[in-house]
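This report refers to the structure that appears directly beneath it.
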Amino acid sequence: MRILFVTSECAPFSKSGGLADVAFSLPPALKQAGNDVAILTPLYQCVWQRFQEEIQFVMDVDIPHGGTDYRCELYRGERDGVPVWFLRYDPFFDRPRLYGYDDDKMRFAFFSRAVIELLPELGPLPEILHCNDWETALAAIYLKNDQVTRPELKNIRSVFTIHNIAYQGQFSSWELQTTFDLPAGWYDGGLGFEYEGRHDVNLMKGAMMVADAVSTVSPTYARELHHHRYGMGLEGVAHLVDNKLQGILNGIDMDHYDPRKDPRLPATFDPDHMAGKAACKAEIQKTFGLEQEAHFPLFSLVARLVEQKGVELIKDILPRLMDLGCQVIIFGQGDQAYIDEFNNDIQRWPGQFGFSSDYSEDMAAKVFAGSDFYLMPSRFEPCGLSQMMAMRYGTIPIVHETGGLKDSVRAYSDFDGVGDGFSFPEYTGQSLMMSIMAALRVYFCDEETFSLLRRRCMEKDFSWDRSAQRYLRMYSRIAVGTEVEQIPYRDAYLQLKKAYVDLEKANRQRNLERFPDPYHRVIQVHMTTQTDGFFFLQFDRKGDSFTFQIEPFTFHDADAFISVSFEHLMAMARGETTFDRLYLSGLLRVKGNLSKGAEMRTLLGRIPEE
């Protein structure tokens with residue numbers, strides 16, 4: 001499959017956040033799976049300063065936008081065998097920063113228009129145009145707009161990935177025709193956004209509406225976008241595009257973040273030989289001016305210093321951590337008020353607290369490797385990658401149960417011994433402190449469990465291989481020539497009815513043992529993808545009788561409502577997959593009483609033999 005990955009930043013060439021890491025890792029994983037993948041990104045000042053010897057000039061090109069032709073240059077580089085195309089236009093991109101300018105809307109409207117104009121110049125036209133965040137949202141919109149008059153583009157399908165819905169590209173409505181060079185009809189055709197009394201255009205909303213598939217960077221975040229606390233005004237749009245919205249957890253480059261051979265570390269280590277981690281701890285204690293005591297628990301945070309990252313919670317609990325004799329390192333850039341406060345805290349707690357805003361990737365790796373615990377108390381976190389990087393180096397995470405943090409860290413429980421980190425449910429300093437106290441109990445009182453958690457963290461698979469396969473399945477569902485064969489609703493319903501009758505017979509005796517007397521549940525099911533229709537399942541127990549009913553109707557007072565493809569319903573009934581697996585991967589949606597999830601696992605899937 002031919003895929004063009006369009007991004008406003010791509011490590012190692014340009015980076016301001018997690019999007020660059022995704023662009024750094026996902027395209028090579030897609031290529032390794034046998035696909036023809038390329039990346040298109042702006043040529044910023046930082047790219048030219050650091051990588052001009054590694055990229056080659058290809059040609060001059062004129063990009064028309066808003067009645068003006070812009071003379072640009074096209075360059076080509078490479079990342080792990082993946083072609084990386086760079087668009088150079090110095091008036092827009094030869095600047096010290098990637099973002100944060102008054103004309104950002106024009107800069108990225110121009111880049112998005114260039115994406116469409118350059119498609120014929122980059123080789124055979126792609127089958128998939130994969131756009132990311134608001135900066136390239138217009139590329140998906142321009143593609144849809146131009147497909148009306150340019151038949152050569154009609155077979156290209158678009159994917160739009162939301163890395164952080166807080167940054168939406170919301171601008172005054174008059175920009176629609178001036179800056180964005182789109183017909184006025186696009187205001188009512190998807191870009192119009194009336195919110196808090198304003199009548200604006202919203203580029204992220206527009207891309208969500210017109211893209212053939214929409215993804216987010218974790219399954220939990222995909223579900224959270226439907227809630228007003230996380231949807232940032234676009235929760236209604238998330239409802240509208242729910243049938244094409246999927247959460248796919250990001251990964252990291254496991255080879256790049258490998259403590260066995262990372263040249264950035266003062267010493268290497270692995271789960272069976274951890275002496276090197278102690279050396280890494282001593283090194284960062286020295287670097288940040290901390291007392292070099294091996295037995296002091298060392299907590300760290302490597303992040304942008306903004307409210308969203310939970311910095312206020314850390315400020316709240318910092319005096320308590322200092323009183324407990326812990327050491328803390330905070331490393332990152334961000335709001336000046338936080339930088340000033342943490343610099344003062346160095347003097348307040350000398351030898352215990354370390355801080356630097358002189359950020360570098362090399363030092364970040366050293367902090368990950370030398371810490372005992374990694375703090376990530378984000379108020380919301382679409383995915384998060386630093387917790388994965390820290391875990392790769394055997395540093396145990398303490399996270400807020402939100403977004404990708406919930407998907408990537410399994411909370412440790414001393415009841416059953418499962419888990420690979422610690423988490424807290426409520427976004428409060430008290431809740432975070434309770435989780436830290438649980439971690440300290442393990443650190444001081446249970447060396448065996450502490451070592452086990454470290455091993456689990458280091459051995460956890462955060463590679464892009466699994467995520468890349470999920471992206472490929474999403475691409476395949478929308479690509480021209482790979483459309484899913486449609487099944488008439490009646491045929492699909494009759495196949496499922498037979499499967500559920502057989503399933504109920506197989507599960508009947510164990511259902512009598514599992515469910516109370518009396519028992520009554522109704523589940524409303526929406527079949528999607530290969531067909532579109534509803535049916536309901538009713539389960540009743542009275543005494544020693546367990547009855548089952550399936551009817552091709554809606555049931556508005558059902559206990560739970562699920563939406564899932566016909567293919568996956570059949571797979572659950574046959575025991576080939578599970579309710580939990582589909583739910584956690586974002587392939588099954590649930591509304592209603594979620595406490596009945598354990599029952600639905602049993603009622604909709606085959607119960608394994610005990």
Side-chain angles (χ1 to χ4, degrees), residues 1-11 13-14 19-20 22-44 47-48 51-52 54-65 69-89 92-93 107-133 135-147 149-161 207 211-212 471-472 475 478-481:
M1 187 176 293
R2 295 185 304 277
I3 304 156
L4 180 61
F5 193 87
V6 182
T7 175
S8 59
E9 56 185 82
C10 176
F13 306 104
S14 56
L19 170 57
V22 175
F24 173 85
S25 302
L26 175 58
L30 294 170
K31 180 177 178 61
Q32 191 172 5
N35 298 277
D36 183 0
V37 188
I39 301 168
L40 179 56
T41 189
L43 198 158
Y44 297 104
V47 178
W48 188 251
F51 297 97
Q52 61 177 296
E54 300 177 29
I55 61 177
Q56 296 81 42
F57 172 79
V58 177
M59 64 178 178
D60 293 312
V61 60
D62 290 324
I63 303 299
H65 184 70
D69 285 343
Y70 296 84
R71 174 54 62 98
C72 308
E73 297 174 352
L74 187 64
Y75 287 76
R76 188 183 189 276
E78 191 174 287
R79 156 65 185 153
D80 287 348
V82 176
V84 183
W85 297 95
F86 296 94
L87 179 71
R88 180 174 185 176
Y89 184 67
F92 283 159
F93 302 121
R107 298 170 70 219
F108 292 106
F110 163 77
F111 176 67
S112 295
R113 169 46 65 190
V115 169
I116 306 304
E117 298 303 318
L118 288 172
L119 290 177
E121 308 297 337
L122 306 181
L125 290 174
E127 298 166 81
I128 300 294
L129 182 69
H130 191 150
C131 307
N132 297 272
D133 275 348
E135 289 87 354
T136 58
L138 273 166
I141 297 166
Y142 288 146
L143 175 66
K144 186 66 69 174
N145 183 78
D146 290 11
Q147 283 174 331
T149 57
R150 298 174 63 180
E152 71 273 17
L153 303 179
K154 66 182 179 65
N155 288 335
I156 302 175
R157 297 293 179 261
S158 62
V159 172
F160 180 66
T161 297
D212 297 287
Y471 273 109
L472 287 173
Y475 296 157
I478 63 174
V480 172

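Here, residue 1 is the first one in the sequence, and each next residue gets the next number.
- Scanning both residues, I478 and D212, for their nearest heavy atoms gives CG2-O, 3.7 Å.
- Heavy-atom minimum distance, A137 versus A207: CB-CB, 3.6 Å.
- For K31, the side chain to side chain contact (heavy atoms under 4.5 Å, CB included) test picks out V37, V82, with sequence neighbours left out.
- With a 4.5 Å cut-off on side-chain heavy atoms, L87 and P42 do not count as touching.
- Annotation for S8 and S14: closest pair O-OG, 4.5 Å, computed over non-hydrogen atoms.
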Should I116 and L129 be marked as a side chain to side chain contact (heavy atoms under 4.5 Å, CB included) after you check the CA-CA gap, both sets of side-chain angles, and the distance that decides it? CA-CA 10 Å; I116 306 304; L129 182 69; 4.1 Å; yes
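- With a 4.5 Å cut-off on side-chain heavy atoms, L138 and V115 do not count as touching.
- For D60, there are no side chain to side chain donor-acceptor pair (under 3.5 Å) partners two or more places apart in sequence or in a different chain.
- A 4.5 Å side-chain heavy-atom check between V61 and C72 finds at least one atom pair inside the cut-off.
- Heavy-atom minimum distance, A23 versus P27: O-CD, 3.3 Å.
- Residues satisfying the side chain to side chain donor-acceptor pair (under 3.5 Å) criterion with N145, sequence neighbours excluded, are W186.
- F24 pairs by the ring pair (Phe, Tyr, Trp, His ring centres under 6.0 Å) definition with H256, not counting sequence neighbours.
- Judged as a ring pair (Phe, Tyr, Trp, His ring centres under 6.0 Å), and not counting sequence neighbours, the contacts of Y44 are F93.
- Using modelled atom types, no side-chain atom of D69 and backbone atom of D62 make a donor-acceptor pair closer than 3.5 Å.
- The CG atom of L143 sits 5.5 Å away from the CD1 atom of I156 when rounded to the nearest 0.5 Å.
- Inter-residue side-chain proximity for H130 and Y475 is flagged as met; some heavy-atom pair is nearer than 4.5 Å.
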Passes ring-ring contact (aromatic ring centres under 6.0 Å, His included), F13 versus F86? Steps please. CA-CA 10 Å; F13 306 104; F86 296 94; 5.1 Å; yes
Under the side chain to side chain contact (heavy atoms under 4.5 Å, CB included) rule, what do T41 and V84 come out as? Steps first, then yes or no, please. CA-CA 8 Å; T41 189; V84 183; 4.2 Å; yes
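- A 4.5 Å side-chain heavy-atom check between T7 and T136 finds every atom pair outside the cut-off.
- Interatomic distance, L40 CG to L4 CG, rounded to the nearest 0.5 Å: 5.5 Å.
- In this structure, the side chain to side chain donor-acceptor pair (under 3.5 Å) partners of E9, at least two apart in sequence or on a different chain, are S16, Y99.
- In plain terms, the two heavy atoms of D133 and L19 that are nearest each other are OD2-CD2, 4.5 Å.
- Applying the salt bridge (charged side-chain N to carboxylate O under 4.0 Å, His left out) criterion to R76, with sequence neighbours excluded, gives no partner residue.
- F111 places none of its side-chain heavy atoms less than 4.5 Å from the side chain of E135.
- Two residues are said to be in side-chain contact when any heavy atoms from C-beta on lie closer than 4.5 Å; Y471 and I128 fail this criterion.
- Annotation: ring pair (Phe, Tyr, Trp, His ring centres under 6.0 Å) contacts of W85 (sequence neighbours excluded): none.
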Pair Y75-V58, side chain to side chain contact (heavy atoms under 4.5 Å, CB included): steps then yes or no: CA-CA 5 Å; Y75 287 76; V58 177; 5.6 Å; no
Please test L43 against I55 for side chain to side chain contact (heavy atoms under 4.5 Å, CB included), starting from the C-alpha separation and ending with a verdict. CA-CA 10 Å; L43 198 158; I55 61 177; 3.7 Å; yes
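- Nearest approach of A211 to S158, heavy atoms of both residues: CA-OG, 3.3 Å.
- Atom CD of Q147 has more than 12 neighbouring heavy atoms from other residues, nucleotides or ligands inside a 6.0 Å radius.
- When the ring pair (Phe, Tyr, Trp, His ring centres under 6.0 Å) test is applied to F92, the partners found at least two apart in sequence or on another chain are Y89, F110.
- When the side chain to side chain contact (heavy atoms under 4.5 Å, CB included) test is applied to E121, the partners found at least two apart in sequence or on another chain are M59, L118.
- R79 pairs by the salt bridge (charged side-chain N to carboxylate O under 4.0 Å, His left out) definition with D253, not counting sequence neighbours.
- N132 has its side chain within reach of F5: a pair of non-hydrogen atoms, C-beta onward, lies under 4.5 Å apart.
- The side-chain hydrogen bond (donor to acceptor under 3.5 Å, both in side chains) analysis of residues 107-117, with sequence neighbours excluded, yields the pairs D104-R107, R113-E117, R113-D146, E117-R150.
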